[in-house]
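First the structure, in the form of structure tokens, and then the observations on it.
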Amino acid sequence: MSTFSDAKVALITGATSGLGKSTALAMAKQGWLVVFTARDPQKGEVTRQEIIHASGNSEVAVMLVDVSSQTSIREFATVFSARYSRLHLLVNNVGNSFTTRQISVDGIEMSLAVNHLAPFLLTHLLLPVLQQSTPSRIVNVGTRLNTAMDFDDLQWERRRFRGLSAYAQSKLGNLHFTFALARRLQASGVTVNCVHPGVFRSGLGSTGGDIPFLLKWITGMAQPFLASSDTATKRVVYVALSPELEGMTGKYFGNRQQIEPPPQTLDVSAQERLWQISETLTGLAS
Ligand SMILES: NC(=O)c1ccc[n+]([C@@H]2O[C@H](COP(=O)([O-])OP(=O)(O)OC[C@H]3O[C@@H](n4cnc5c(N)ncnc54)[C@H](OP(=O)(O)O)[C@@H]3O)[C@@H](O)[C@H]2O)c1
């Protein structure tokens with residue numbers, strides 16, 4: 001049994017910086033009960049205090065999960081579902097990029113593990129609680145990079161690893177996933193859409209590990225010239241809250257309007273191929 005108020009519940013993954021943090025703040029200002037995830041307890045608590053202070057809403061909670069670990073995701077989902085028993089909005093926001101090929105604790109290339117398999121697994125585990133809170137929405141934060149999914153080498157075992165391409169390929173998975181899930185959730189009261197937030201100032205890529213000093217320096221130099229996350233936040237909040245999107249599912253949004261997804265992501269056989277691979281890699285198939 002929940003001991004919380006009747007406020008609607010939003011879960012935002014990765015809200016210790018960038019878009020996740022500003023989205024969590026925006027939802028708290030709207031009077032929602034906001035749960036966000038962090039992987040560092042101290043950073044999480046500092047962020048929680050900042051959001052409470054800036055929003056005047058005390059119903060802000062932080063929960064720990066490292067989404068590069070499927071055990072961590074499963075433990076998180078179990079505790080979340082027991083604690084809150086309702087969920088009206090899930091924003092799959094965590095994203096990271098890696099300059100070298102790294103392997104997760106589950107033996108999976110990190111871009112794929114963090115950017116695609118993590119939201120795939122987490123969403124599956126939270127579906128029961130989303131379904132008992134209808135109407136509810138899932139918002140996947142994607143990106144708009146020109147790339148294609150190489151199904152023969154999803155984990156960069158045969159090609160020379162290129163960080164940006166690995167990031168782009170894994171984020172393309174967000175679109176495949178969105179469209180395949182929308183088909184399965186048709187008329188369930190749970191909608192799922194993907195949003196491209198635009199390019200903005202954030203910590204993206206700065207924590208991916210093993211980053212050459214020069215690259216870190218160049219990326220850092222570019223940051224002041226990028227837009228703040230304000231516009232990106234408005235894009236996410238629009239897909240999360242706007243009444244005119246009630247019941248709308250399986251769409252891709254840019255700046256508060258639908259945008260054309262890359263053709264490959266509309267190919268149902270490609271969506272289903274990635275779905276099956278993802279079920280196997282996350283252990284959901286069994
Ligand atoms: N920035 C852009 O221009 C841009 C453009 C298009 C799309 N996007 C997308 O927007 C989303 C948010 O990115 P951002 O730019 O706001 O990035 P960010 O500032 O780096 O924030 C990423 C968040 O994810 C968390 N995170 C990273 N790896 C994690 C892990 N293994 N387990 C748990 N949490 C983890 C980070 O936690 P820590 O604080 O502990 O690192 C942080 O809270 C991503 O999906 C990204 O792909 C960004």
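Indexing begins at 1, ligand by ligand and atom by atom, following the structure's order. Keep in mind that the numbers below use all heavy atoms, side chains included, and drop hydrogens, waters and symmetry copies.
Looking at residues two or more places apart in sequence or on another chain, you find a salt bridge (Lys or Arg N to Asp or Glu O under 4.0 Å) between Arg183 and Glu272.
Note that CG of Leu25 and CD of Glu50 are 9.5 Å apart. Values are rounded to the nearest 0.5 Å.
By the 30° and 60° cut-offs, the orientation of the rings of Phe177 relative to His124 is parallel.
Screening Val91, Thr191, Leu181, Leu11 for a side chain to side chain contact (heavy atoms under 4.5 Å, CB included) with Ile138, the sole residue that qualifies is Leu181.
Any N or O atom pair closer than 3.5 Å counts here, and Phe200 shares at least one such pair with ligand 1. Considering backbone and side-chain N/O of His196, none are found under 3.5 Å from N/O of ligand 1. Distances between N or O atoms of Val199 and those of ligand 1 include no value under 3.5 Å. Of the N or O atoms in Thr143, none lie within a sub-3.5 Å distance of an N or O in ligand 1. No N or O atom of Val114 sits closer than 3.5 Å to an N or O atom of ligand 1.
The nearest pair of heavy atoms linking Thr233 to Ser22 is OG1-OG, 2.8 Å. For Leu126 against Phe80, the heavy-atom pair with the smallest separation is CD2-CD2, 3.9 Å. The shortest heavy-atom contact between Val195 and Tyr252 is C-CE1, 4.3 Å.
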Kindly determine whether Phe120 and Leu281 satisfy side chain to side chain contact (heavy atoms under 4.5 Å, CB included), including the steps that lead there. CA-CA 10 Å; Phe120 182 88; Leu281 290 176; over 6 Å; no

Determine, step by step, whether Thr23 and Asn93 satisfy the side chain to side chain donor-acceptor pair (under 3.5 Å) criterion, reporting the C-alpha distance in whole Å, the side-chain angles of both residues, the deciding distance to 0.1 Å, and the verdict. CA-CA 9 Å; Thr23 301; Asn93 167 74; 5.8 Å; no

Applying salt bridge (Lys or Arg N to Asp or Glu O under 4.0 Å) to Arg160 and Asp153, what does each step give before you reach the verdict? CA-CA 11 Å; Arg160 189 170 66 83; Asp153 192 18; over 6 Å; no

Decide side chain to side chain contact (heavy atoms under 4.5 Å, CB included) for Val114 and Phe98; before the verdict, give the C-alpha distance in whole Å, the side-chain angles of both, and the deciding distance to 0.1 Å. CA-CA 10 Å; Val114 168; Phe98 303 87; 4.2 Å; yes

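Nearest-residue assignment for atom 21 (O) of ligand 1 (options Ser17, Ala232, Ser97; heavy-atom criterion): Ser17. In this structure, of Asn174, Leu64, Val67, the residue bringing a heavy atom nearest to atom 32 (N) of ligand 1 is Val67. Of the candidates Gly142, Ser72, Gly95, Ala38, Gly142 brings a heavy atom nearest to atom 7 (C) of ligand 1.
Distances below 4.0 Å separate heavy atoms of Gly18 from the following atoms of ligand 1: 16 (O), 19 (O). Contact atoms of ligand 1 toward Lys171: 44 (C), 45 (O), 46 (C), 47 (O) (distance under 4.0 Å to a heavy atom of the residue). Atoms of ligand 1 lying under 4.0 Å from at least one heavy atom of Asn96, given by number and element, are 27 (C), 28 (N). The ligand atoms of ligand 1 that sit less than 4.0 angstrom from a heavy atom of Val65 are 32 (N), 33 (C). Listed by atom number, the atoms of ligand 1 under 4.0 Å from Gly198 heavy atoms are 3 (O), 4 (C), 5 (C), 6 (C). For ligand 1 and Asn93, the ligand atoms under 4.0 Å from any heavy atom of the residue are 11 (C), 12 (C), 44 (C), 45 (O). Listed by number with element, the atoms of ligand 1 under 4.0 angstrom from any heavy atom of Ala15 are 43 (O).
Looking at Asp40 against ligand 1, nothing comes within 4.0 Å, counting heavy atoms. Heavy atoms of Leu19 found under 4.0 angstrom from ligand 1 belong to the backbone as well as the side chain. Neither the backbone nor the side chain of Arg144 has a heavy atom within less than 4.0 Å of ligand 1. Under 4.0 Å from ligand 1, the heavy atoms of Pro197 that appear belong solely to its side chain. Neither the backbone nor the side chain of Lys21 has any atom closer than 4.0 Å to an atom of ligand 1 (non-hydrogen atoms only).
For the ring-ring contact (aromatic ring centres under 6.0 Å, His included) condition, no pair includes a residue of residues 27-71, sequence neighbours left out.
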